[in-house]
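Shown next, in structure tokens, is the structure this report addresses.
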Amino acid sequence: MARTTGLRKKGLLKGLLVMLITMLGQPALAMPTSLNTWLNNAGSGAMLVRGGAESPWAPALLLDTEVDIRVSGPVAHVTVTQQFRHQGRDFVEGQYVFPLAEQAAVHGMVLQVGERRIVGAIHEKQQAREIYAQARAQGQRAGLVEQRRPNLFVTSVANIAPGDTVSVELEYTELLVPDALTFGLRFPMTMTPRYTPRHSEHDALHDTPHGSHNTSHSTPHPTQSANGAPVEGPLVEGPIVHQSAIPETSHQARIRVYVDAGMALDTLTSPSHRIGLEYDGRGYQIILPDEQVPMDRDFVLNWRLPEGADSQAALFTEEVNGEHYGLLMLTPGLSGAAARASQQVSEQPRLPRDVILIVDTSGSMAGERMRQAKESLQYALSRLQPEDHFNVLEFNHRHRMLYRASVPASPDNLREATEWVGRLQAGGGTEMLPVLEAALTSPSTPGYLRQVIFITDGAVSNEEAVLQMIERRIHRARLFTVGIGAAPNSYLLRRAADIGRGQFTYIGGSANVSQHMSRLFEKLEQPVLTDLRIVLPDGMQAEIWPSRLPDLYAGQPLMATLKFTPDGSASSQAFPASVILQGKSPVPWEQEVVMPVAQQHAGVSTLWAREKITALSDRMVRGEPEDAVRDEIIDVALAHRLASRYTSFVAVEQRPVRGVEEPLSREAVANRNPVDHVYPQTSLGLARLWWLALACWLLVAVLLVVRKKEQRCVGVAA
């Protein structure tokens, strides 16, 4: 009887422990010196090894990354090599989910084992999965690279032998869009856990958070189909663990960058890392004093051309398989009657603005991110003029407005708003849809220009739903997004700004928030060029992407990719001698721009294809069924060897290395938690932290009661 009671007590204690671990929902923050600690840190799917009974547990697969970036003009060519080092005793399959630049066009993949290089082939996604699954089952080394989201990819590597190092090399091309004379490049190296709403957008109005953040306890790899091929699950980010859960020898990156600007630059700096520079008369070799850097923040590089360096037009071209592609970079200027009309418009009374400020106060924004967000808000409030109207909204798992409707930017109202912003705190989930819909559908004052400024790290998984809602509700408003944090979801923020005909501003880890916000308000306060279109000469046609050209703000160039189709006459040329740019400022105007000598530039055709795939995907955002665009995306992606939502790279080594009877373990290679992300608050929020504390006290109390009863029973028995 006593034994049964003891077992029941132990069962009760185990139940309480399970409840406590479930409520935690996040990795432990202790060093990974025990199996229990590592289980809390690594989540499901991680394979652990250790050298002996006294050695700490560690993952079987260690990750190193080499990054080689070469920038020429507005184009970056990037090679990323992921090295998986296996220190276990059995064959293992590794899977690593990682971010890439939101405008990356991934066009190459190589699997390398020792001196052997296997070039990856592009296939439709399901076919690539089946090829990979068959190779895995037959004991062959194989690699699979899939796009899960436009800026999120997953690499799977099968049959890594003990002691092996297997590398997967990816190549991508990215178009760098300048802001006035300033260029920026960002290479993502980790990501913030993304919040996944569980119920409808209207449920988020209640006090209790219904969604969840993807933590390391989420299933990190996809399930399998009947034939063993991977199938995507609902959560695709993979595990993201605390810094202490990553061995010091893992998740290190070597970064090499060469910037060919063709001239000396005014400035070249990195707000994210310490760098050194070597100038060879044409370009800059960027040197990181630390040979390796931890992958806990994005690598950011900014450079500025000297004054007067911006030309009115540049044309970069490439010929592939007899097809002619162009990248057009125009800096429009006003002259003649258009300039006089624009001057008359600028001298008219300033059009008052209705500025809606939205700030993310979810748990992922805690700490430094919240400080930057509040500083951004306070700067925005300080730039409002008395004739403007404004409102401020904050959101986590629910949202609230400072005022029921927009109010005048009077000193009293601005003072009240500044104090309200100063009291904001981070905690809870990240329900974006309700707050954006409330901001975009709230009544606007007639005669006022509605501008929405959205400040967030973008850490949500329902990007497509957010973009679709913006497309439906934006109407004549403009949406400007501000990315906060060392690893924001730039895909969502950039696409939201594109659809909202605004601009994306990246604050990142920069201490100089006011500088970024000042540049944003220069765009907000100055007239824009709208209804833009490119008119080609007679006899010349081109497929232009984006087909709907964006609004242009002060000092910004127009970037467009083209596939030229001359009329076939003997006098026709592959590329136009000039183009006409038409638009409104806000009065109609047009300008002829003479094209300079075309510069041959590798990667232009890839950028054109990437832009076309983006435009085709946007049709689904606007409500078209997937079946209407799927085949078109596949055709473009296969023709240009691009990874996409429907195409993947796969590489297989023909010689088997594992017998089919030998076991194959799986390991999900985690990402480092971003350096500025305060871990526990992401999924718990303040209220749930109090419940967690209560549960801890309850567990301690039960343990004390059980111990006293056991001591009493021992005394009676004695």
Side-chain angles (χ1 to χ4, degrees), residues 22-23 25-26 97 99 148-152 191-220 222 232-240 358-366 369 393-401 426-441 452 454-474 479 481 483-485 487-493 495-496 499-500 620-621 623 626 645 677 679-688:
T22 302
M23 290 184 68
Q26 289 286 3
V97 183
R148 291 289 176 84
R149 293 195 174 102
N151 66 332
L152 196 66
M191 51 190 162
T192 300
R194 299 188 185 189
Y195 178 89
T196 300
R198 290 180 180 171
H199 298 297
S200 70
E201 58 197 72
H202 301 290
D203 292 338
L205 298 176
H206 300 291
D207 292 352
T208 304
H210 298 290
S212 64
H213 280 274
N214 177 19
T215 70
S216 66
H217 292 275
S218 305
T219 301
E232 288 181 25
L235 299 176
V236 296
E237 283 82 9
I240 301 171
I358 308 174
V359 63
D360 182 350
T361 57
S362 64
S364 64
M365 292 287 291
R369 298 184 184 186
L393 294 82
E394 63 108 358
F395 75 99
N396 38 65
H397 56 275
R398 59 178 179 177
H399 71 273
R400 60 187 179 124
M401 296 182 177
T430 316
E431 297 284 351
M432 280 189 182
L433 284 172
V435 71
L436 279 169
E437 184 164 27
L440 294 175
T441 58
V452 180
F454 188 38
I455 303 172
T456 177
D457 58 13
V460 295
S461 63
N462 61 331
E463 293 109 320
E464 295 308 310
V466 172
L467 296 178
Q468 288 172 4
M469 192 276 294
I470 294 171
E471 175 72 33
R472 292 196 310 268
R473 302 295 191 187
I474 192 67
L479 175 63
T481 57
I484 298 290
N489 182 1
S490 294
Y491 161 70
L492 172 61
L493 300 179
R495 293 303 301 146
I499 294 172
M620 288 185 283
V621 172
E626 184 177 9
R645 65 196 301 162
H677 178 223
Y679 220 112
Q681 290 188 344
T682 298
S683 63
L684 295 176
L686 186 59
R688 293 183 66 191

What distance separates [X] [atom1] from [Y] [atom2], expressed to the nearest 0.5 Å?
X	Y	atom1	atom2	result
Glu463	Leu152	CD	CG	8.5 Å
Thr456	Met432	OG1	CE	3.5 Å
Met401	His399	CE	NE2	5.5 Å

4.5 Å side-chain heavy-atom contact, [X] and [Y]:
X	Y	value
Val460	Thr196	no
Val97	Met191	yes
Glu431	Arg398	no

Check: [X] side chain, [Y] main-chain N or O, donor-acceptor pair, under 3.5 Å:
X	Y	answer
Arg149	Pro99	no
Thr361	Phe395	yes
Thr481	Leu493	yes

inquiry  = Under the rule for side-chain hydrogen bond (donor to acceptor under 3.5 Å, both in side chains), what residues qualify as partners of Asn151, not counting sequence neighbours?
reply    = Asn489
ask   = Would Arg495 and Ile470 count as a side chain to side chain contact (heavy atoms under 4.5 Å, CB included) if you check the C-alpha gap in whole Å, the side-chain angles of each, and the deciding distance to 0.1 Å?
value = CA-CA 10 Å; Arg495 293 303 301 146; Ile470 294 171; over 6 Å; no
message = Minimum heavy-atom separation for Ala459 and Thr192, please, with both atom names.
response = CB-CG2, 3.8 Å
